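Everything quoted here is computed from the prediction, not taken from an experiment. All values below were derived from every heavy atom in this structure, side-chain atoms included, with hydrogens, water molecules and symmetry-related copies excluded.
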Amino acid sequence: MSEKYFIAGFAVLFMVFIIAFCCGIFFYWRLQHLKKLTQISVLRRQQLMTENRFFSTAVLNQAVNLLFFSFSTAARNALVLLAGGRPQKAASFLKHKNMVLSCLLAAHCQPLEPIYQKLVRRSKKDKSPQLLLAAVQISRLLYHEENLPFLYKRLFAAKHLSAEEKACKAYLSAFAYMREGDMLSASEQASAALKTFKHLHYLFEEAQTYLLTAEIYRLSCVNDIAQTMIESALRIFTECRLSFFQAQTTAVWGQLLLYENRLAEAEDKLNKALSFAQNRLKADIFNQFSLLKLAQKLPEEALKYAQKALNLHKKNSSRHGMAFSLQLCGHFAFETEKFKKAADLARKAAALYLEQHNFSAYIESLYLQARALAQIRQYDKAEKLLRLCLDENKKSETNFHIADVYSLLGLIFLQKNDLARAKALLHQSLRLEQNHERCSGLAIDYANLALIENLSGNPASADNNFRLAVEYAKKTGDEHLLHIIQHKKNS
């Protein structure tokens, strides 16, 4: 009899275990489904907004976890709205439970500037990696650079990071290294981030890391791998039916083809991107069309597209977009030898960038202004601007093109017939270009050094420098640059 009771009891316990196991599997499946639904819904809703918004799979997952295991009616309502892409209610519900999480949830749907200022203030006391990572990411979205050195310092000192926090840190480190021109370190950090994001199934972050890796390889003149990375990002956005990011990534592909001088293919990609782009993206694509038209030797059409982009940016109140369009118009004026106009447009762009604390773009605009002034032989004004570029770079150390500043300073002293100082400055530029492995810059510097060696009566050294210039120009795949260098050699 006792044996029968034992068997029956065991059977009941076994059934309870099976039921509990099945319930656990169901709730786990339900939770994972809610997380994926929330991510896609928030991204789709963000596509309709007029400005960029913060996005973090880790933040959304954490919020879903907290709401899923809170059994109040308010928590359930907040979870339903969050899964539908509306984080406001969840942010309000979590305000007294987790202030940082509440703030970051709000950043998915609200203007970023006040949230950013709040995060920066909290970061002075709170060393939470989640807070620091978000502050750096939002700083990038807003093009604010004044707090980046402090935030990066705190972030790199942070310990006990989770897997997703380590991946986000690696991604941001890769971006910082790329801006500084350290492509090897940038590539290593991006690979580490990509590996973790793929393991965690963080689809959006995985796609963004593919795009960052593509930019790193493009700058390193490895365009075939860059294209593979872009295709991988596009596949993710297509599978998730995120049309805004599909258009954005297709435009990036067109930009890569433009850099490779594959103009017909570039135009096809940009037209495709424009066909399903939303309003706030169209201005950026118009800017890329203007670059394409310039490459096609159609300066009037190029300027027309740049003006269309500028008008759209004004309509959308995008000051960063306005600054970029002004800078682009300055480049077109420079290319058509309207150097006074180019200097004026670059000056206006620089003022806007400085107002936004976007110091790297500010330095680039100062550099363009200096180039234009040098062309009309206002060497002292140009030199003053270039010295300002060097001073600003010491403060932020985020500008990739600082080698160009040394190169132009060298050419100014070459015009003044001060060959010794010109050569020294060009060697400073050359060292930076070698550290950054920037092929186009190396080609130009070697060509200019060859001219100086010729003027100094060193034909053997000049020939060697010209040979190196041609080698690096061939690596870029830029036929126009190669033609310019060969013309200099023969003149």
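- At a cut-off of 3.5 Å, with distance as the only test, no side-chain donor of Gln248 or Asp284 sits close to an acceptor on the other residue.
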Table please: side-chain donor-acceptor pairs of residues 329-346 below 3.5 Å, with sequence neighbours left out.
unit_1, atom_1, unit_2, atom_2, d
Thr336, OG1, Phe332, O, 2.9
Thr336, OG1, Ala333, O, 3.2
Asp344, OD1, Arg347, NH2, 2.4

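- Interatomic distance, Lys269 NZ to Ile230 CD1, rounded to the nearest 0.5 Å: 10.0 Å.
- For the residue pair Leu409 and Glu383, the shortest heavy atom distance occurs at CD2-CG, 3.7 Å.
- A cation-pi arrangement, defined by a distance under 6.0 Å to the six-membered ring centre and an angle within 45 degrees of its axis, is present between Lys124 and Phe150.
- Enclosure of atom CZ in Arg86 is not indicated, since only 12 or fewer non-hydrogen atoms of other residues, nucleotides or ligands lie within 6.0 angstrom.
- Checked by atom type and distance alone, the side chain of Ser318 never pairs as donor or acceptor with a backbone atom of His313 at under 3.5 Å.
- In this structure, Phe55 and His108 have perpendicular ring planes: the angle between them is above 60°, well past the 30° mark.
- Using a distance-only test at 3.5 Å, with no hydrogens or angles considered, no donor-acceptor pair links the side chain of Ser407 to the main chain of Ala403.
- By the 4.0 Å N-to-carboxylate-O rule, Lys272 lies too far from Glu267 to be salt-bridged with it.
- Here the side chain of Asn448 pairs a donor or acceptor atom with the backbone of Ile444 at under 3.5 angstrom.
- Between the Thr250 side chain and the Gln246 main chain, a donor and an acceptor come within less than 3.5 Å of each other.
- Under the 4.0 Å criterion applied to side-chain N and carboxylate O atoms, Arg218 and Glu215 are assigned as salt-bridge partners.
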Applying side chain to side chain donor-acceptor pair (under 3.5 Å), run through Thr196 and Glu164 and close with a yes or a no.
CA-CA 7 Å; Thr196 304; Glu164 57 261 38; over 6 Å; no
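- The environment of Phe244 atom CZ is dense: over 12 non-hydrogen atoms of other residues, nucleotides or ligands sit within 6.0 angstrom.
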Could you go through the salt bridge (charged side-chain N to carboxylate O under 4.0 Å, His left out) check for Glu471 and Lys474 one step at a time?
CA-CA 5 Å; Glu471 284 181 13; Lys474 286 179 178 178; over 6 Å; no
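- Side chain of Arg371 to main chain of Ala382: no donor-acceptor pair is present (N/O by atom type, distance under 3.5 Å, no hydrogens or angles).
- Relative orientation of the Phe245 and Phe204 rings is perpendicular, given thresholds of 30° and 60° on the angle between their planes.
- Pairing each heavy atom of Ala295 with each of Leu258, the nearest pair is CB-CD1, 3.9 Å.
- With hydrogens and angles ignored, the 3.5 Å screen pairs no side-chain donor or acceptor of Ser139 with any backbone N or O of Ala135.
- Listed by chain and number, the residues in a side chain to side chain contact (heavy atoms under 4.5 Å, CB included) with Ala323 are Leu352, Tyr353, Gln356 (sequence neighbours excluded).
- Across Leu82 and Ala63, no two heavy atoms sit closer than the pair CD2-CB, 4.0 Å.
- Judged purely by atom type and a 3.5 angstrom limit, Gln255 has no side-chain atom pairing as donor or acceptor with the backbone of Ala266.
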How far apart are the C-alpha atoms of Lys384 and Lys381, what are their side-chain angles, what is the distance that settles it, and do they pass the side chain to side chain contact (heavy atoms under 4.5 Å, CB included) test?
CA-CA 5 Å; Lys384 185 177 178 181; Lys381 288 184 179 180; 5.6 Å; no
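- Taking all atoms of both residues into account, the shortest heavy-atom contact from Lys118 to Cys103 is CD-SG, 3.9 Å.
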Does the pair Asn61 and Gln39 meet the rule for a side chain to side chain donor-acceptor pair (under 3.5 Å), with working shown?
CA-CA 8 Å; Asn61 285 353; Gln39 293 161 30; 3.0 Å; yes
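- Here the CD-CZ distance, from Gln227 to Arg262, works out to 5.5 Å after rounding to the nearest 0.5 Å.
- The backbone N or O of Asn287 lies less than 3.5 Å from a partner atom in the side chain of Ser290, making a donor-acceptor pair.
- Scanning for side chain to side chain contact (heavy atoms under 4.5 Å, CB included) contacts around Asp126 gives Val100, Arg122, Ser128, Leu131, with sequence neighbours left out.
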